[in-house]
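Here's the structure we're looking at; comments come further down.
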Protein chains: 2
Amino acid sequence: MIPKKSKYAIQALKCLAKVYPDQGKLSIAQIAAEENISRKFLEAILLQLRHNGIVGSKMGPNGGYYLLQSPDEIVLSNIIRSTGGPIALLPCVSLNFYEPCEDCPHEELCGLHDVLLEVREASVRILSKTSLSDLINREKKLSKKNKNK
Amino acid sequence: MIPKKSKYAIQALKCLAKVYPDQGKLSIAQIAAEENISRKFLEAILLQLRHNGIVGSKMGPNGGYYLLQSPDEIVLSNIIRSTGGPIALLPCVSLNFYEPCEDCPHEELCGLHDVLLEVREASVRILSKTSLSDLINREKKLSKKNKNK
DNA sequence: TACTTATCCTATCGGATTAATATGATATAT
DNA sequence: ATATATCATATTAATCCGATAGGATAAGTA
């Protein structure tokens with residue numbers, strides 16, 4: 001499971017992506033209201049995203065946050081990792097939260113390790129080819145599909 | 001991430017699978033020693049696996065635990081679920097730990113939900129086709145590969 | 001300059017979960 | 001009977017997560 005932090009980060013970035021081209025900038029308060037996220041918690045999240053080079057910010061009146069890359073360059077795997085969310089099912093197969101199993105003499109001989117590597121690769125494959133733009137497009141399609149009913 | 005409980009369960013069942021055909025039975029103490037797992041913790045885990053119909057047990061001297069199905073019928077997804085390990089990345093896409101997102105008006109219109117469903121399906125596809133026998137076979141292959149070096 | 005608006009930053013809190021233990025009851029071989 | 005093993009429930013200690021507090025800093029505006 002990924003933490004709420006990662007989920008909120010994705011939601012917030014989706015908001016920023018929607019206003020991207022026109023020097024799109026939104027304040028914490030605006031995003032928090034739009035997505036029903038605790039204002040203070042979101043503040044911490046956006047700060048972290050800034051430290052990870054995903055968003056930029058401007059202080060003062062009329063300030064706010066904005067994307068540093070185009071919405072189709074920002075992919076889910078990157079967002080999840082930048083906010084401390086693990087993708088792998090065990091630390092021993094995690095890229096960013098790697099920790100060896102105690103008493104596993106040879107990781108390379110462990111069958112479970114081997115299978116869970118495959119699982120991680122399958123997950124990352126999907127998450128790293130899905131960008132913010134893709135997310136938005138998906139929602140457009142889903143909404144069309146739903147109207148036809 | 002899955003809890004250690006699930007990982008230990010898989011290790012313990014792999015032990016039982018290795019002694020399966022000949023009315024294979026092992027005591028908690030034997031498994032705990034073999035796999036370096038806390039004896040008492042393992043006890044709780046095996047109890048849970050019994051309640052989930054995966055192993056059977058016999059009390060008293062010469063007692064112990066044994067598999068109730070053949071090792072190639074017991075798959076990883078089942079073990080993980082039986083020990084409380086979530087596979088999905090968010091509760092809203094989990095089969096066994098489902099919880100709707102608060103303030104997500106229509107789950108079916110959520111792009112993230114849509115993507116994470118794909119991720120879960122990819123993961124489950126692998127985990128539900130990998131049995132204890134497969135795990136053991138994998139380890140044999142890995143060990144051969146390693147000798148050739 | 002004074003004031004207001006917004007981000008920056010660090011510290012902290014309560015609650016939940018996790019991994020592990022403790023304790024004693026129950027069953028079954030010899 | 002006694003020793004050996006599982007059964008069952010309760011408790012602990014540590015960690016993590018989601019959220020909050022409070023003040024510092026920067027930038028626009030009158």
Side-chain angles (χ1 to χ4, degrees), chain A residues 1-12 16 23 25-33 35-66 68 80 83-86 89-91 94 97 99 101-103, chain B residues 1-12 16 23 25-33 35-66 68 80 83-86 89-91 94 97 99 101-103:
Chain A
M1 292 265 180
I2 59 175
K4 283 199 175 178
K5 196 188 257 191
S6 298
K7 189 196 148 209
Y8 290 160
I10 294 170
Q11 289 178 253
L16 291 175
Q23 187 50 297
K25 202 180 358 168
L26 293 175
S27 72
I28 294 174
Q30 285 176 305
I31 302 174
E35 298 290 328
N36 267 85
I37 304 173
S38 146
R39 208 194 147 287
K40 269 303 198 179
F41 192 27
L42 181 60
E43 195 177 323
I45 294 169
L46 286 167
L47 211 53
Q48 197 170 352
L49 289 174
R50 189 177 65 90
H51 289 143
N52 279 277
I54 295 177
V55 299
S57 65
K58 204 180 161 217
M59 288 176 95
N62 241 322
Y65 285 92
Y66 51 90
L68 284 178
I80 292 174
T83 47
L89 291 183
L90 279 184
S94 172
F97 303 92
E99 246 179 85
C101 297
E102 319 143 5
D103 307 318
Chain B
M1 293 267 180
I2 58 176
K4 284 198 175 180
K5 196 189 259 192
S6 297
K7 190 197 147 209
Y8 291 159
I10 294 170
Q11 291 178 252
L16 291 176
Q23 187 50 297
K25 202 181 355 170
L26 291 175
S27 72
I28 295 174
Q30 285 176 306
I31 302 174
E35 296 291 327
N36 268 86
I37 304 173
S38 146
R39 207 192 149 289
K40 268 305 195 180
F41 192 27
L42 180 60
E43 197 177 321
I45 294 169
L46 286 167
L47 212 54
Q48 197 169 351
L49 290 174
R50 188 177 66 91
H51 289 142
N52 279 278
I54 295 177
V55 298
S57 65
K58 204 181 161 217
M59 289 176 94
N62 239 321
Y65 285 91
Y66 51 90
L68 283 178
I80 292 174
T83 49
L89 290 182
L90 279 183
S94 172
F97 303 92
E99 248 178 83
C101 296
E102 319 143 4
D103 307 319

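A note on names: the letters A, B, ... follow the listed sequences, proteins ahead of strands, and every chain is numbered from 1.
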Please report the closest heavy-atom contact between A:G85 and A:F97, naming both atoms and the distance.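 Closest pair (atom of A:G85, atom of A:F97, distance): O-CE1, 3.7 Å.
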Nearest whole Å is fine: how far is [N] [atom2] from [X] [atom1]?
X: A:K25; N: C:dT7; atom1: NZ; atom2: C1'; value: 12 Å
X: A:L47; N: C:dA6; atom1: CG; atom2: C1'; value: 13 Å
X: A:K5; N: D:dA19; atom1: NZ; atom2: C1'; value: 11 Å
X: A:I37; N: D:dT20; atom1: CD1; atom2: P; value: 12 Å
X: B:I45; N: C:dA19; atom1: CD1; atom2: P; value: 9 Å
X: A:F97; N: D:dC16; atom1: CZ; atom2: P; value: 12 Å
X: A:K58; N: C:dA6; atom1: NZ; atom2: C1'; value: 11 Å
X: B:R39; N: D:dC7; atom1: CZ; atom2: P; value: 12 Å

So do the side chains of A:I10 and A:Y8 get within less than 4.5 Å of each other, counting heavy atoms only?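 Side-chain contact under 4.5 Å: no.
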Check whether any side-chain heavy atom of B:I2 sits under 4.5 Å from a side-chain heavy atom of B:T83, and report yes or no.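 Side chain of B:I2 against side chain of B:T83, heavy atoms only: no contact under 4.5 Å found.
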Which one, [options], comes nearest to the side chain of [X]?
X: A:Y8; options: D:dA19, C:dT28, C:dC8; answer: D:dA19
X: A:M59; options: D:dA27, C:dT21, D:dT4; answer: D:dA27
X: B:P3; options: C:dT4, C:dA19, C:dC8; answer: C:dA19
X: A:S27; options: D:dC7, C:dA19, C:dA6; answer: C:dA6
X: B:P61; options: C:dA29, D:dC7, C:dT7; answer: C:dA29

Which part of the nucleic acid does A:L46 contact within heavy-atom distance under 4.0 Å: base, sugar-phosphate only, or nothing?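 Nothing, no nucleic acid heavy atom in range.
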Short side-chain N/O contact from [X] to OP1 or OP2 of [N], under 4.0 Å:
X: B:H51; N: D:dC7; result: no
X: B:Y65; N: D:dC7; result: yes
X: B:R50; N: D:dC7; result: yes
X: A:S57; N: C:dC8; result: yes

Go through the steps for B:R39 and B:L42 under the test side chain to side chain contact (heavy atoms under 4.5 Å, CB included), then give the verdict. CA-CA 5 Å; B:R39 207 192 149 289; B:L42 180 60; 5.9 Å; no
5′-ward residue of the pair A:F41/B:N62 relative to DNA chain D: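 Of the two residues, B:N62 wins.
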Tell whether A:E43 reaches the base of C:dC9 with its side chain through a donor-acceptor pair below 3.5 angstrom.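 Indeed, a donor on one side and an acceptor on the other fall under 3.5 Å apart.
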Is any N or O donor-acceptor pair between the side chain of B:K40 and the base of C:dT23 shorter than 3.5 Å?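 It does, because a donor-acceptor pair links the side chain of B:K40 to the base of C:dT23 below 3.5 Å.
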Hey, does the side chain of B:K5 reach the backbone of B:F41 with a donor-acceptor pair shorter than 3.5 angstrom?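 No; judged by distance alone, with no hydrogens or angles, the pair does not exist.
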Measuring from atom CG of A:L16 to atom CG of A:L46, what distance do you get when rounded to the nearest 0.5 angstrom?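 Reported to 0.5 Å precision, the distance equals 7.0 Å.
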